Amino acid sequence: MALWRLAHNTGEMDNKFSQLARDEYWSFLLMQNVSMLVAYALLWIAGILLVLPVVATFRARFPKLRKVAVFAIAFLAALGIHAFFMLRLAHSRPYFIADAEFGQWYYQILRLPPASWQVATDMLLFAVLPWSFVALVAVWWMRRMAARWRWAAIGCGLTGVLMVSLWPQRGGAAEQPAAKGKQPPNIIIIGSDSLRGDRLGFTGYRPARSDGEAAAGVSPRIDEWAENAAKFTRCYTPIASTLESSVSVMSASFPHTHGIRQMYPRREQVEKTESKILPMAEVLTERGYDTAAIGDWCAGFYDMMPLGFRDISVSTFDNFRIYMSQAVVMAHFVVPLYFDNPLGYRLFPQIGSFAQFVTPEVVTRRVEDKLAQQAARKRPFFWHVFYSCNHLPYASAERYNRMFTDPAYQGRNRNKVDFDINEFVSGTGLEDKMAALPEEEIRQIRGMYDGCTRQFDECFGRIMDALKVNGLADNTIVVVTADHGDDLYEPGVTLTHGLGFNGGDHCSHIPMVISGPGVKGQTLPEQVRSIDLAPTLLDLAGLDRPERWEGRSTAGWIRGEEPPRDRAFYGETSFPFIQFRVDGVERPYLPPMDELTTIDPAYNHQFVMLEKWDQPVVAAKQRCMRTRDWKIVATPSKEGGRHYGLFHLPADPDCRHDLAGERPEVLGPMRTAIDRWIDDRLETEIHEIFPGGEP
């Protein structure tokens, strides 16, 4: 069945990469399938060990049972074990069964107990019941063994447990001595991919549903914490794409400076960037900090570009072999079903790189465990904890998935956004199809996004609790932020991020909230950039910023030492999966993703963009500049020129009315500033654009 499913699913795909998998990686796919035989062999052995005692017990009680009845008992026992693991999977990792409906029997069973009983029933069902069964089975086998074999079996079992617990873990930095003298503050940045700056409770956002668990809003733990934090309500990223944005944040530099301007860089581009930047983690490592990046698949870029972190615990990013290996494992569903445990991770280490395995729950547990270790080490730390919670297709755990959505909804976006990968890869009319989505589907998508935020909020709350339990809260600077936001069908936009500056720039707007020693609760509405975060954190920690950094500290604002002042925001688009239409301009031609990129076997089988498209992709980028009240968008045209759109933000936050032809006194200086930014890579501040103040 698994082999048939794998072949069938591969046959349904119709793009260059699926053909590449069939033509050039067939031997790899074959060996991946062969390795799955280990799982089936272990399950066969486990079946004998677990089912035989049940059958034998029934035969002892009812010696006249017919063979058919014995077979039925064995089958029901195996079915019961299978049902338990299905319930366990539905409870802990519903992502594995995203193709199934959340109304299946295993979800109905999990919903039977009242919410107030949930903790107790979970403990009974997923801890007491299985371990009691295993204990009874173990006793049954022990009673039937000779004494010498009994002790041998106990010894083998203890040895196996010890080997699993001591098996080398991936990653881990070499121990370094702690800094002497006064302990500097710890720093932990907690982010969720695609978390918007305007859809958290403390910003005034309220979800459509307010009943039941939804009554607490999308971010109750973050809201409570933010009361005593500095809240930057207008922070923007210079490029709304994870890899590029993260390099900008950690190196306090713009994309055209660090050189990563789309999400599929080649090896030489990565190496060139690493040679020219000085990331924050590297600065802090030199000052005795423990540095770690911990996350799931959205944090996978750290495997490609470590950015100075010494300990990296993330999923692998854009490795073609990983994608194929994941397809094989997910076809052999016994692996995620039965081997989602420490033993399974040792036997099949590749699953540690899969998005479905490294979930937000796994990330949070890793952080909790690491905080307990850190408290004993007495060494300052700088960690980036990065979740995939809010990323498309908004497939949160089942409890969160239904928290803010319409219970009566039965459409195609029930569990996650229905997404055709072939259309996205091949660029076949996706803009028109997304724009035609009915209002009912849009409400469902927004509700699922809110559920994702609530899941991230609870992960954040657990980390904050762990800081307190381990005595680290009082001396830790905590930041909540994101790499970028997402468009959610506001006027003029559909879904996605990093593809354009139509609309209100929700995909560029991110949260930026900072708490820590000496930080008071306050709201700062002045416009800042994500590249200002690193110098701010070093300033708050009492350290000097590197001269090469382009970002500027806001610590003086937070401490009340200098008056806040809006900073000009400059942004550019990323990899051109879609070039959204702009009125009045025909955009340059760029081919779809499967023609712009290839697989580089010499670079760990990474997706990379073909070198011949470097210049055309940069030349076709849409650019944006925002002052306090005005926004200008420069869109390259097919003929080689630029089209400029001008929008007055207080009166037109969704940027629906182009005033370029009506306000030449505003357009002129802003056009000069954005052209200077594009052509000369020079930033013009707002007071330089408008010496007499903004019109």
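The shown structure was predicted, so the numbers you read here are calculated from the model rather than taken from an experiment. Values below: every heavy atom of this structure, side chains too, minus hydrogens, waters and symmetry copies.
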How close do [X] and [Y] get, heavy atom to heavy atom, and via which atoms?
{"X": "F460", "Y": "I190", "value": "CD1-CD1, 3.8 Å"}
{"X": "I558", "Y": "A230", "value": "CG1-CB, 4.0 Å"}
{"X": "G217", "Y": "F404", "value": "O-CZ, 3.5 Å"}
{"X": "I578", "Y": "M434", "value": "CD1-CE, 3.7 Å"}
{"X": "R529", "Y": "E550", "value": "NH2-O, 4.3 Å"}
{"X": "L195", "Y": "A482", "value": "O-CB, 3.4 Å"}

>> Name the residue from Q622, K621, H643 that meets the side chain to side chain donor-acceptor pair (under 3.5 Å) definition with T635.
In response: Q622
If we ignore angles and hydrogens, is there a donor and acceptor under 3.5 Å between the side chains of [X] and [Y]?
{"X": "D487", "Y": "T496", "value": "no"}
{"X": "D532", "Y": "T554", "value": "no"}
{"X": "S194", "Y": "N390", "value": "no"}
{"X": "S241", "Y": "E244", "value": "yes"}
{"X": "S637", "Y": "E586", "value": "no"}
{"X": "Y394", "Y": "D486", "value": "yes"}
{"X": "D483", "Y": "S246", "value": "no"}
{"X": "T242", "Y": "D193", "value": "yes"}
{"X": "D457", "Y": "S219", "value": "no"}

Expected output: side-chain [X] to main-chain [Y] donor-acceptor under 3.5 Å:
{"X": "R206", "Y": "V218", "value": "no"}
{"X": "T476", "Y": "I187", "value": "no"}
{"X": "S251", "Y": "V247", "value": "yes"}
{"X": "R656", "Y": "D654", "value": "yes"}
{"X": "R545", "Y": "W549", "value": "yes"}
{"X": "E694", "Y": "R628", "value": "yes"}
{"X": "D658", "Y": "G645", "value": "no"}
{"X": "Q579", "Y": "R587", "value": "no"}
{"X": "E441", "Y": "P438", "value": "no"}
{"X": "K520", "Y": "R559", "value": "no"}

Exceeds 12 heavy-atom contacts within 6.0 angstrom, atom [atom1] of [X]:
{"X": "R565", "atom1": "CZ", "result": "no"}
{"X": "E224", "atom1": "CD", "result": "no"}
{"X": "D680", "atom1": "CG", "result": "yes"}
{"X": "D679", "atom1": "CG", "result": "yes"}
{"X": "K638", "atom1": "NZ", "result": "no"}

Do [X] and [Y] have side-chain heavy atoms sitting under 4.5 Å apart?
{"X": "Q527", "Y": "F232", "value": "no"}
{"X": "S508", "Y": "F569", "value": "yes"}
{"X": "R287", "Y": "P184", "value": "no"}
{"X": "P669", "Y": "F690", "value": "yes"}
{"X": "I514", "Y": "T481", "value": "no"}
{"X": "Q262", "Y": "L243", "value": "no"}
{"X": "I632", "Y": "Y644", "value": "yes"}
{"X": "V385", "Y": "V363", "value": "yes"}

>> Please report whether the ring centroid of H391 lies less than 6.0 Å from that of H497.
In response: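 Ring centroids of H497 and H391 are less than 6.0 Å from each other.
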> Can you check whether F382 and Y289 have ring centres sitting under 6.0 Å from each other?
Replying inline: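 No; Y289 has its ring centre 6.0 Å or more from that of F382.
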Residues [X] and [Y] bridged, charged N to O under 4.0 Å:
{"X": "E490", "Y": "R196", "result": "yes"}
{"X": "R626", "Y": "D505", "result": "yes"}
{"X": "D450", "Y": "R209", "result": "no"}
{"X": "K272", "Y": "E268", "result": "no"}
{"X": "E526", "Y": "R567", "result": "no"}
{"X": "R234", "Y": "D566", "result": "yes"}

>> Pair S388, D296 - check side-chain hydrogen bond (donor to acceptor under 3.5 Å, both in side chains), show working.
In response: CA-CA 6 Å; S388 65; D296 45 28; 2.9 Å; yes
Return the orientation label for the [X] and [Y] ring planes: parallel under 30°, perpendicular over 60°, tilted otherwise.
{"X": "F607", "Y": "Y264", "value": "tilted"}
{"X": "F254", "Y": "W677", "value": "perpendicular"}
{"X": "Y236", "Y": "H509", "value": "parallel"}
{"X": "F386", "Y": "F301", "value": "perpendicular"}

>> Run the side-chain contact (heavy atoms from CB on, under 4.5 Å) test on I222 and V513 for me, step by step, so that the C-alpha distance in whole Å, both residues' side-chain angles and the decisive distance to 0.1 Å come before the verdict.
In response: CA-CA 9 Å; I222 293 176; V513 190; 5.8 Å; no
> Which residues satisfy the side chain to side chain donor-acceptor pair (under 3.5 Å) test with Y449, sequence neighbours excluded?
Replying inline: none
>> Could you walk me through whether I531 and V249 satisfy the side-chain contact (heavy atoms from CB on, under 4.5 Å) test, starting with their C-alpha distance in whole Å, then the side-chain angles of each, then the deciding distance to 0.1 Å, before giving a yes or no?
In response: CA-CA 5 Å; I531 63 171; V249 169; 6.0 Å; no
> Under the side-chain contact (heavy atoms from CB on, under 4.5 Å) criterion, do L659 and F647 qualify, and how do the steps go?
Replying inline: CA-CA 6 Å; L659 301 177; F647 307 94; over 6 Å; no
>> Run T285 and E282 through side-chain contact (heavy atoms from CB on, under 4.5 Å) and show every step you take.
In response: CA-CA 5 Å; T285 298; E282 188 172 327; 5.6 Å; no
> Got a sec, which residues hit side chain to side chain contact (heavy atoms under 4.5 Å, CB included) with S515, two or more places apart in sequence or on another chain?
Replying inline: W225, A229, V478
> In chain order, what residues pass the side chain to side chain contact (heavy atoms under 4.5 Å, CB included) check against A568, with sequence neighbours excluded?
Replying inline: Y570, I686
>> Applying salt bridge (Lys or Arg N to Asp or Glu O under 4.0 Å) to E685 and R552, what does each step give before you reach the verdict?
In response: CA-CA 12 Å; E685 296 190 33; R552 289 171 285 157; 3.7 Å; yes
